[in-house]
Structures are given as structure tokens and as C-alpha cells.
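Each chain gets a letter, A, B and so on, in the order the sequences are listed, and its residues count up from 1.
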2 protein chains.
Amino acid sequence: MPRKIEKDAALEHALTLFWDHGYRGTSMDMLTSTLGVEKPSIYASFGSKQALYLAALAQYRSWLIGWVQRSLRDAPSARAGIDRTVRLMMARSSRKSRKGCFATNSALELADHDPLVLKEVRTTFAQLVAVFVTAVQAAQADGDVRSDRAPQLLAQLLVNAIEGARIMEKSRAVNGHGAAMADLILCLLDRH
Amino acid sequence: MPRKIEKDAALEHALTLFWDHGYRGTSMDMLTSTLGVEKPSIYASFGSKQALYLAALAQYRSWLIGWVQRSLRDAPSARAGIDRTVRLMMARSSRKSRKGCFATNSALELADHDPLVLKEVRTTFAQLVAVFVTAVQAAQADGDVRSDRAPQLLAQLLVNAIEGARIMEKSRAVNGHGAAMADLILCLLDRH
DNA sequence: ATACTTCTATACCGGTCGGTACATCACACT
DNA sequence: AGTGTGATGTACCGACCGGTATAGAAGTAT
């Protein structure tokens with residue numbers, strides 16, 4: 001059934017499954033039982049397991065970028081949006097669970113051996129950095145963020161810290177320093 | 001052949017293989033051909049694929065902690081050791097390849113579903129933070145690191161930044177900001 | 001009602017997985 | 001030389017993998 005709405009719903013379920021168990025840890029049988037669709041229908045709609053995975057990864061990217069853009073915008077100032085977003089993404093229990101970042105999971109499991117996954121992951125991180133670059137530039141124009149460093153550098157630093165935090169969160173190694181670490185990182189944006 | 005020296009060499013080869021391809025991506029056939037030992041010998045020495053993986057993970061932990069301890073110590077001061085170590089671990093091409101951190105790989109691939117792996121990964125990160133805590137405390141005593149923040153927080157921040165950088169490095173998303181980011185992070189340690 | 005078309009689901013394919021039974025072989029001791 | 005012992009490698013096991021051929025069900029036009 002190639003109706004787009006059902007395809008999107010199936011993609012979301014597939015994303016959840018791949019997110020939890022990885023690519024190799026998710027079998028077609030798990031997919032059929034979770035999506036409620038049998039294998040031939042999946043192959044008719046997506047072509048292969050890898051194509052389904054790539055589609056789920058692309059959906060994750062658009063969801064993530066959209067979420068971050070909205071979070072950055074819904075604030076009284078560019079700097080306030082940055083602070084709010086970084087705190088939310090670095091805080092331990094803010095996400096629905098400690099699943100980490102799906103793009104990171106994909107990068108570690110497959111990027112070394114699958115050029116398509118590598119390309120998609122690079123795009124995801126590039127867009128994520130780009131969104132933060134825009135916000136940092138606006139905050140710099142407002143005088144709320146130091147201007148002696150390139151916005152690209154500061155944005156990359158924020159993304160770095162966020163991804164690092166989501167790793168540590170997954171290993172339950174963070175004791176509760178999440179919020180304090182976010183505050184400290186954000187101090188780096190202050191004018192000296 | 002249960003001689004320890006050969007077991008250690010086999011473990012190192014297994015570690016390389018698991019590091020490159022992950023747990024599920026490494027088959028017993030790959031292990032036998034790389035270790036130069038047939039399957040029954042592997043099972044006689046380690047018991048199972050999972051046990052072999054855990055042993056490799058433990059060897060990685062001792063290697064990593066030892067390396068960091070040595071790097072922190074081989075410097076004229078505690079602060080200099082911290083700077084040197086963080087710069088080395090965050091710099092893109094310093095590692096032999098962009099394989100990332102094996103503990104992180106394990107955490108993302110298996111920690112959610114294998115409590116033994118989770119425990120080992122938690123221990124690894126806890127020891128890594130502990131090593132940095134010791135260094136930060138010494139540097140604080142020297143007056144080379146701000147004392148208005150807990151050493152645990154600062155150490156966790158450093159490990160966070162390092163792990164984040166090693167993720168981004170794997171996706172080739174960092175453009176060359178690695179060294180600049182390390183410098184910026186290290187500024188956070190300065191007395192205000 | 002019947003013939004035709006379209007989507008679904010069962011059943012199966014070759015290949016590979018982790019793990020093991022067993023035959024073989026090298027070697028020490030008498 | 002003969003015999004016992006322990007490690008090695010081959011050959012195989014059932015289970016499961018991703019993917020597909022094909023039978024069956026549901027709906028529509030006539």
C-alpha cells in the first residue's frame with residue numbers, strides 16, 4: 001500500500017526499531033511485526049532493508065533539524081534560544097529516553113563501511129551545525145555572543161558538546177552534571 | 001594453546017577487528033582468519049564470542065587508562081599535562097585512524113541490551129573521568145585551574161568534549177576546528 | 001454472477017551465523 | 001617402538017538472516 005501517510009507511519013516505526021537495536025540488530029521479522037506489514041509490502045515500498053534504513057535516517061534528520069530550528073526560534077533573543085536549546089539537548093532526562101542521537105548511532109555502526117550512510121550522516125551534522133551557525137551569527141550581531149571567534153567554530157563546539165553529552169548519557173556515566181556542564185559550555189559564548 | 005602471551009596477542013587482534021566492524025559485524029570466521037587460530041581453540045580459551053568481546057573491551061580499557069595516565073604525567077605541570085592530553089585526544093589526525101573510541105562504540109551498539117557490556121563501559125568512563133579528576137585537582141592546587149568549580153565537573157566536561165570530538169571526527173564533519181575547539185575548551189579551566 | 005486486477009501473506013530460497021562433535025596429529029614417557 | 005594424552009583442524013549442526021516466488025483474498029467493472 002503505497003499511500004504516503006501509511007508510508008510515513010511505517011517509517012516512524014522503523015526508525016524507532018533501528019534506533020533501539022541498530023541496523024544489524026533489527027531483523028526483517030522484527031520490522032514486519034512492528035510495522036504491521038508483511039515483508040513483500042515492505043520491499044514493494046522501499047526496495048531493501050538498507051533503503052528503508054536510509055529513509056528512516058533521512059526522516060530523523062528532517063525531524064531533528066526542524067526541532068532544533070523551532071527550539072532556537074522560540075525565545076526572546078537569539079542568545080536565549082541558544083541557551084535554551086543547548087540546555088535541553090544536554091540535559092539527561094529531557095529526551096524521551098536515553099537512546100542517544102540516531103545519526104551518531106548510524107555513524108558509528110555503518111559510516112565506515114556504507115558510503116550512503118556516511119553521506120547522510122555528514123549532511124545531518126552539517127545541517128545541525130549550520131542551524132547553530134545562523135543562531136550564533138544573530139546573537140553576535142546582538143552583542144550577546146563574543147565576536148572574536150568564528151561562528152562556525154562556536155557552533156561546532158556546541159554540537160560537539162551536545163553529541164558528547166548524549167554519548168555519556170547513554171552509558172549512564174554522567175552523575176547529574178548535565179545541567180552544570182551546559183552552563184559552563186555556554187559561558188564560552190560570553191564576551192570576555 | 002593457553003599461554004598468556006599468545007592469548008594477549010590474540011586479544012589485540014580481536015580488539016582491532018571488533019573496533020573496525022563492531023560486535024555483530026565481526027563473524028567468527030573473520031576472527032579465526034585474523035587470529036590465526038581455529039574456532040575450537042578460541043572457544044577453549046575464551047568460552048564464547050561475547051566473552052572474547054568483553055575481554056577485548058577490558059584490554060582496551062586498561063590500555064586507554066594507561067595511555068591517558070602517562071600522557072597526563074609526562075608534562076612539566078599538571079595543567080600542562082591536561083592541555084597536552086586534551087589536545088592530543090581531540091585533534092583529528094593524531095589517532096592512528098578515525099576509528100573513534102572503542103568504549104563509545106560498545107556503548108552505542110550493545111550497552112542497551114547487554115548488562116555486562118554496560119558495566120564494563122561505565123567502568124571505563126568512570127576511570128577515565130577519575131584520572132582527569134586527579135589531574136584537575138593537582139592543577140587546582142597549583143593555582144593553574146579555576147577552583148570555583150568541582151574537579152569532577154571539570155573532568156567530566158573534558159571527557160565529554162573528547163568523546164564528542166571523536167564522534168564528529170568519525171563522520172568527517174569537522175573541518176579542521178579540532179585544535180581550535182580544544183583550545184577553547186581548555187580556556188574554561190582558566191581562572192576567571 | 002463472473003472474470004479480471006491488485007494487494008496481501010504464506011512458504012520457501014541459498015547463505016551465513018555462533019557453536020560443537022569428532023577424527024587427526026604431534027609428542028612425551030616407558 | 002609402543003602407548004597414552006592433549007591440542008588442532010575439519011566438517012557439520014540447527015537457527016536465523018535478507019530476499020522472493022507464488023498462492024490466495026479482496027475488490028471492481030461488466
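Defined by atom type and a distance below 3.5 Å, a donor-acceptor pair is missing between the side-chain atoms of A:Tyr53 and A:Thr26. Looking at B:Gln140 and B:Ser147, their side chains never bring a donor and an acceptor atom within 3.5 Å of each other.
Taking the six-membered ring where tryptophan is involved, the planes of A:Tyr23 and A:Phe18 are essentially parallel, since the angle between them stays under 30° and well short of 60°. In this structure, A:Phe102 and A:Trp19 have tilted ring planes: the angle between them lies in the 30° to 60° band.
Between the B:His113 side chain and the A:Asp20 main chain, a donor and an acceptor come within less than 3.5 Å of each other.
Near DNA chain D, meaning a heavy atom under 4.0 Å from it, residues 49-60 of chain A has A:Lys49 in order of number. DNA chain C lies under 4.0 Å from at least one heavy atom of each of the following residues of residues 25-39 of chain A: A:Glu38.
Protein atom OH of B:Tyr43 is 13 Å distant from nucleotide atom P of C:dA21, rounded to whole Å. Between the P atom of C:dG18 and the CZ atom of A:Arg24 lies a distance of 11 Å, rounded to the nearest Å.
A salt bridge links B:Asp83 to B:Arg79: one of the charged nitrogens lies within less than 4.0 Å of a carboxylate oxygen. Checked for salt-bridge contact, B:Asp112 and A:Lys99 miss the test: no charged N lies under 4.0 Å from a carboxylate O. Between A:Asp144 and A:Arg191 there is no salt bridge, since no side-chain nitrogen of the basic residue lies less than 4.0 Å from a carboxylate oxygen of the acidic one.
Both A:Tyr23 and A:Pro40 sit near DNA chain D, but only A:Tyr23 has its closest nucleotide nearer the 5' end.
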